[in-house]
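Start at 1 with the first residue, then count along the sequence. Read the numbers this way: they start at 1 and go in the same order the structure lists the ligands and their atoms.
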Amino acid sequence: MDGIQIRCLHAIADREIRALSDVLIDCVEGGASVSFMLPMSRQKADAFWRNTSASVDRGERVVLVAEDEAGTIIGTVQVIWAQPENQPHRGDLVKMLVHRRARRRGVGAALLDAAERTALSAGKTLLVLDTASNDAARLYTRHGWQRCGEIPNYALMPDGESCATTIFYKLLRTTGL
Ligand SMILES: CC(C)(COP(=O)(O)OP(=O)(O)OC[C@H]1O[C@@H](n2cnc3c(N)ncnc32)[C@H](O)[C@@H]1OP(=O)(O)O)[C@@H](O)C(=O)NCCC(=O)NCCS
């Protein structure tokens, strides 16, 4: 993790959209089930991040990024704040993405830790997520997330194959964060 920094993007400029799209495209082309199908175009990726940027501007979510020694974005994660009025204490953790060339160095763990701390300081005490990735499921379990169960046939992998999703949650205050 030497030289890797985690920061919160308060606004997402064109330069960041390009870099975030690089990460998203790499993850989808690497087989991650994260909303997109192959072929994964720059246009689809940029449109996703532009919508995300507008959502950040509306105060609905936070976007965290991991940057390498050169300041290049190599990973990202989001927490969605906006919830129904009866769930003000809950956030959804989404789009945990680390570029394949930066994996297995603790970047995912650092992003998760930062997302949990950011959520807790914003008054969130419960985070929820779902994942189709075994790599991600191990990461969440290691960080004290509770596995609720699996929903079969939930989504498609980028190549069109059906996949299940596993739901996880974490109570932030009781886990000593
Ligand atoms: C899931 C994902 C985010 C994990 O990111 P990552 O940066 O590789 O995560 P970490 O480095 O913290 O942990 C990954 C593994 O590397 C190991 N590791 C961490 N630092 C290490 C180091 N310095 N040396 C050796 N191994 C290390 C971890 O123990 C972990 O091992 P495991 O796979 O046996 O459990 C990444 O695989 C990814 O982007 N996948 C595609 C997108 C996706 O499916 N996202 C999930 C959506 S919910």
Side-chain angles (χ1 to χ4, degrees), residues 1-9 16 19-41 44-45 48-49 51-52 55 61-81 90-119 124 126-170 172 175 177:
M1 282 296 291
D2 277 354
I4 291 176
Q5 295 216 350
I6 308 292
R7 87 183 159 97
C8 177
L9 294 183
E16 278 122 8
L20 287 162
S21 288
D22 288 342
V23 174
L24 177 58
I25 291 167
D26 177 76
C27 287
V28 176
E29 290 182 343
S33 175
V34 287
S35 309
F36 295 96
M37 304 296 292
L38 292 172
M40 184 58 192
S41 64
K44 279 199 285 185
F48 170 78
W49 289 112
N51 285 338
T52 300
S55 178
R61 66 183 70 207
V62 64
V63 175
L64 301 175
V65 293
E67 293 171 324
D68 67 12
E69 303 78 354
T72 304
I73 293 176
I74 50 173
T76 181
V77 69
Q78 302 178 31
V79 182
I80 301 179
W81 305 135
R90 184 170 77 78
D92 289 321
L93 191 119
V94 300
K95 293 288 178 295
M96 164 71 83
L97 307 166
V98 175
H99 196 289
R100 280 176 289 179
R101 70 178 149 74
R103 287 187 194 162
R104 307 193 63 80
R105 291 163 57 187
V107 175
L111 282 166
L112 186 56
D113 187 55
E116 292 173 8
R117 287 177 191 283
T118 304
K124 300 292 182 179
L126 170 65
L127 290 177
V128 176
L129 66 82
D130 72 87
T131 186
S133 156
N134 291 332
D135 289 344
R138 284 197 304 282
L139 173 67
Y140 301 131
T141 302
R142 242 189 338 267
H143 279 249
W145 287 65
Q146 301 299 309
R147 183 185 185 278
C148 299
E150 188 176 277
I151 304 174
N153 196 25
Y154 185 79
L156 300 177
M157 300 301 284
D159 63 3
E161 197 183 327
S162 163
C163 65
T165 201
T166 305
I167 312 288
F168 283 87
Y169 74 90
K170 185 166 181 178
L172 299 181
T175 49
L177 252 182

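- Residue contacts with ligand 1 include Arg142, since one or more of its heavy atoms lies under 4.0 Å from the ligand.
- When only interatomic distances are considered, the shortest N/O to N/O separation between Ala102 and ligand 1 does not fall below 3.5 Å.
- The shortest N/O to N/O separation between Ala136 and ligand 1 does not fall below 3.5 Å.
- With Ala137, Gly30, Ser133 as candidates, the residue nearest to atom 44 (O) of ligand 1 on a non-hydrogen basis is Ser133.
- When each atom of ligand 1 is checked for a heavy atom of Leu97 under 4.0 Å away, the hits are 39 (O).
- Any N or O atom pair closer than 3.5 Å counts here, and Ala109 shares at least one such pair with ligand 1.
- Smallest separation of non-hydrogen atoms from Ala136 and Thr131: CB-OG1, 3.5 Å.
- Protein heavy atom in closest approach to atom 32 (P) of ligand 1: Arg138 NE, 3.4 Å.
- Nearest protein heavy-atom contact of atom 6 (P) of ligand 1 is Gly108 N, 3.7 Å.
- Taking CG of Asn134 as the start and OG1 of Thr166 as the end, the distance is 7.5 Å to the nearest 0.5 Å.
- Among all heavy-atom pairs drawn from Leu156 and Ser162, the shortest one is CD2-CA, 4.0 Å.
- Looking at heavy atoms from C-beta onward, Gln78 lies in side-chain contact with Thr52 at the 4.5 angstrom threshold.
- Proximity of Thr76 to Leu111: side-chain heavy atoms (C-beta onward) are nowhere separated by under 4.5 Å.
- Here Ile151 pairs with Tyr154, Thr165, Ile167 under the side chain to side chain contact (heavy atoms under 4.5 Å, CB included) rule; sequence neighbours left out.
- Under 4.0 Å from ligand 1, heavy atoms of Met96 appear from its side chain as well as its backbone.
- The closest non-hydrogen atom to atom 24 (N) of ligand 1, taken over Arg104, Lys95, Arg103, Arg105, comes from Arg104.
- Between Tyr140 and Trp145, the ring centre distance stays below 6.0 Å.
- The nearest heavy-atom contact from the protein to atom 48 (S) of ligand 1 is Thr131 OG1, 3.2 Å.
- Distance from atom 11 (O) of ligand 1 to its nearest protein heavy atom, with residue and atom name: Gly106 N, 2.7 Å.
- For ligand 1, the polar-atom distance check finds an N/O of Val98 within less than 3.5 Å of one of the ligand's N/O atoms.
- In terms of protein heavy-atom proximity, atom 42 (C) of ligand 1 is nearest to Ala32 CB, 3.6 Å.
- Under a 3.5 Å cut-off, the side chain of Arg90 and the backbone N or O of Lys124 do not form any donor-acceptor pair.
- The shortest N/O to N/O separation between Tyr140 and ligand 1 does not fall below 3.5 Å.
- No side-chain heavy atom of Pro158 sits under 4.5 Å from any side-chain heavy atom of Met37.
- Closest to atom 4 (C) of ligand 1, if we only count protein heavy atoms, is Leu139 CD2, 4.2 Å.
- Using a 4.0 Å heavy-atom cutoff, Asp130 is listed among the residues neighbouring ligand 1.
- With rounding to the nearest 0.5 Å, the separation of NZ in Lys170 from CD in Gln146 is 9.5 Å.
- Heavy atoms from other residues, nucleotides or ligands lying under 6.0 Å from CD of Gln5 number 12 at most.
- There is a side-chain donor-acceptor pair under 3.5 Å between Ser35 and Lys95.
- Contact annotation for atom 19 (C) of ligand 1: protein present (non-hydrogen atoms, distance under 4.0 Å).
- Phe168 does not count as a contact of ligand 1, since none of its heavy atoms falls under 4.0 Å from the ligand.
- Within ligand 1, the atoms closer than 4.0 Å to a non-hydrogen atom of Val107 are 7 (O), 11 (O), numbered from 1 in the order shown.
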